[in-house]
Protein chains: 2
Amino acid sequence: VSRTILEREISAQPDVVRRLISRETGHVKAIARQLGGSFDYVMIAARGTSDNAARYAKYLFGARNRIPVALAAPSLWTVFQSPPKMGRALVLAISQSGSSPDVIAVMREARAQGQPTLAIVNAEGSPLEEVTDHTIHLGAGEEQAIAASKTYTASLAALALLSVSLMEDEASGTELALVPTWMATTLKMNEGILEQADTVSQMRHCPVIGRGYEFATAYETSLKLKELVKIAAEPFSSADFMHGPIAIVERGSYVLVVTPPSRFREEFMDLILRLKGIGARLLVVSDDAEMLATADFPMPVSAGVPEWLFPLVSIVPGQLLSLGLALARHLDPDHPEGLTKITATW
Amino acid sequence: VSRTILEREISAQPDVVRRLISRETGHVKAIARQLGGSFDYVMIAARGTSDNAARYAKYLFGARNRIPVALAAPSLWTVFQSPPKMGRALVLAISQSGSSPDVIAVMREARAQGQPTLAIVNAEGSPLEEVTDHTIHLGAGEEQAIAASKTYTASLAALALLSVSLMEDEASGTELALVPTWMATTLKMNEGILEQADTVSQMRHCPVIGRGYEFATAYETSLKLKELVKIAAEPFSSADFMHGPIAIVERGSYVLVVTPPSRFREEFMDLILRLKGIGARLLVVSDDAEMLATADFPMPVSAGVPEWLFPLVSIVPGQLLSLGLALARHLDPDHPEGLTKITATW
């Protein structure tokens with residue numbers, strides 16, 4: 001029996017992604033055909049967890065589609081009332097609720113400027129889709145826990161589907177279809193985390209390190225640790241971390257490392273050995289046995305996940321860890337203090 | 001007598017900015033005339049402190065010039081070897097040394113793609129300027145302390161000069177010329193910080209909160225606290241912080257708030273009162289007497305600085321605080337452990 005709503009929503013992710021792919025593939029292909037060639041870059045408007053999905057898009061569209069991505073600062077559209085001229089941009093909104101007023105403001109202005117617009121949204125019939133040309137519905141079902149889980153991975157899947165459709169790459173589509181299986185395997189591999197989390201429950205502060213595609217995972221894992229367990233978890237790119245912020249790590253410090261599956265292997269092994277040398281306590285999310293063997297707290301990822309889809313799977317152990325820590329500390333994981341579902345920022 | 005190199009470099013900032021403006025204004029105007037109309041958006045390649053200058057550019061060019069800004073993920077150009085197609089972008093590098101290999105790689109590719117390129121750089125005759133069409137030299141003199149100070153504010157001044165030149169706005173040029181005076185006043189107002197820092201020297205963790213233009217100040221202040229004092233200082237936008245991460249604040253937590261000078265006033269007063277209610281210890285950088293009065297540790301900014309130039313001045317108290325804390329903790333502020341001057345990332 002699932003004890004919490006959040007645990008049910010984390011466990012539902014393989015099904016949510018499977019349904020999304022089977023229902024939306026044709027629709028997203030049609031959108032991609034209509035959009036093809038109409039833009040030079042993608043501007044993304046998003047907040048919170050959706051902003052972390054946008055970080056994934058930056059590497060995904062950049063490395064795979066060779067399309068630059070700019071992350072909008074929504075306050076330019078709202079508080080400053082001085083919207084940038086978005087000439088030759090595809091303007092993309094990512095929003096679970098479809099109700100964030102500042103994300104809506106960006107899309108409204110994009111349309112007024114005559115730019116193509118696309119929304120990735122979970123709620124049906126939201127105000128957001130009224131102001132966009134195209135909408136991809138996540139169809140994840142209502143997310144009842146305040147902290148996002150299934151809508152995050154579903155947003156990544158929608159972005160991956162869009163990327164594949166823009167490339168018209170059937171082989172990649174076949175890889176994408178394997179994500180639900182990799183997610184399910186990873187859930188299974190980490191089912192012990194909920195019990196084991198109490199062994200690291202003294203953690204109060206924790207840098208979370210990724211790179212490339214896994215920068216998004218570092219951000220989203222950090223956000224879950226903050227929201228659910230009040231841990232001051234700061235995300236870093238390993239490239240930046242090594243050249244300065246590593247100074248904050250001392251003997252006994254907790255550090256969570258998410259290792260990318262292919263590139264950066266040597267760099268991450270160096271980083272891990274350096275952190276071990278300092279005497280840090282390491283939590284490692286990885287598909288690599290050697291990396292996992294260095295960890296005080298290993299969090300395995302299914303073998304075989306390609307780099308460009310790794311964030312859809314590598315977030316799962318961090319979600320479970322955050323949930324496990326919340327339970328260990330007798331915090332309510334479904335309704336964390338001070339957290340609201342819709343980010344009504346102006 | 002200045003006790004450290006860093007203190008001398010922090011104190012030199014008014015002169016550095018004054019010299020930059022008087023020497024480069026004509027040159028930057030000429031660059032702006034040549035560039036005018038040749039791009040739809042700006043893509044910036046930068047690392048570390050220069051990346052924080054890029055965050056300033058995002059609001060500056062966005063709000064004042066209505067030009068969107070994308071921050072490049074340099075690894076796409078290097079490790080992934082899959083550079084995005086930068087059609088209709090002005091590609092801008094910001095680098096103190098002009099020697100970061102990944103920033104150079106972005107510029108080399110931009111030129112190969114036929115994009116207009118511009119570098120903002122301190123070192124003379126660096127490899128970076130060999131691969132760019134235009135170069136703005138900061139002329140800040142060699143920065144001997146490992147942690148950047150004067151090259152950061154000089155980079156902001158160069159960006160402000162570029163923004164003004166693209167707008168052809170004489171009145172704004174007059175405001176920019178007042179920055180050295182505001183900086184000098186702010187240095188004077190905060191000269192006590194070096195002695196008072198020991199009253200907050202127990203600080204180990206500290207969220208640093210800004211918004212809009214002051215998001216850059218929050219990032220750069222955090223970076224100085226990490227580099228110089230090993231404090232786990234994480235930057236936040238107040239918009240994001242209020243909707244989740246505020247959960248990490250407890251009675252006795254340190255929180256540093258940088259309040260923007262005009263917009264967001266009400267929002268920041270709400271935030272400050274909420275933090276006081278929790279029992280946080282507040283460090284406040286502000287030009288507003290009422291906000292400063294709420295602080296356990298007030299760090300005043302000169303009156304009269306307009307919003308778009310505020311980051312050039314509001315970083316000064318954070319630089320002095322970081323230096324003061326380093327001295328209080330008997331750390332070497334000129335050569336912090338584990339820090340290197342040139343970020344040689346691939």
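Numbered from 1 within each chain, the chains take letters A, B, ... in sequence-line order.
We find the CD1-CZ distance between I248(B) and R204(A) to be 12.5 Å, quoted to the nearest 0.5 Å. Atom CZ of R47(A) and atom OG of S237(B) lie 5.5 Å apart (nearest 0.5 Å).
For V249(B), no part sits under 4.5 Å from any heavy atom of chain A, backbone or side chain. Proximity to chain B is absent for every atom of V229(A), based on heavy atoms less than 4.5 angstrom apart. Neither the backbone nor the side chain of L225(B) comes within contact range of chain A, judged by heavy atoms closer than 4.5 Å. Only the side chain of F236(B) comes within contact range of chain A, judged by heavy atoms closer than 4.5 Å. For chain B, the nearby parts of Y59(A) are the backbone and the side chain; heavy atoms of each come within less than 4.5 Å. For I67(A), the part sitting under 4.5 Å from any heavy atom of chain B is the backbone (N, CA, C, O) and nothing else. Proximity to chain B is absent for every atom of L228(A), based on heavy atoms less than 4.5 angstrom apart.
The candidate from Y41(A), F61(A), W77(A) with the greatest count of non-hydrogen atom pairs under 4.5 Å with chain B is Y41(A). Each of E227(B), H205(B), K58(B) has some count of heavy-atom pairs under 4.5 Å with chain A, and the biggest count is that of H205(B). For the set P245(B), P74(B), A72(B), A73(B), the entry with the most heavy-atom pairs within less than 4.5 Å of chain A is A73(B).
Salt bridge K226(A)/E234(B): present, at least one basic N to carboxylate O contact under 4.0 Å.
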Mind listing the side-chain donor-acceptor pairs of residues 79-94 of chain A below 3.5 Å, one per line with the distance, residues two or more places apart or on another chain?
unit_1 : atom_1 : unit_2 : atom_2 : d
S82(A) : OG     : A63(B) : O      : 2.6
R88(A) : NE     : D40(A) : OD2    : 3.4
R88(A) : NH2    : D40(A) : OD1    : 3.3

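Applying the side-chain hydrogen bond (donor to acceptor under 3.5 Å, both in side chains) rule to R263(A) yields the partners E307(A); only residues at least two apart in sequence or on another chain are considered.
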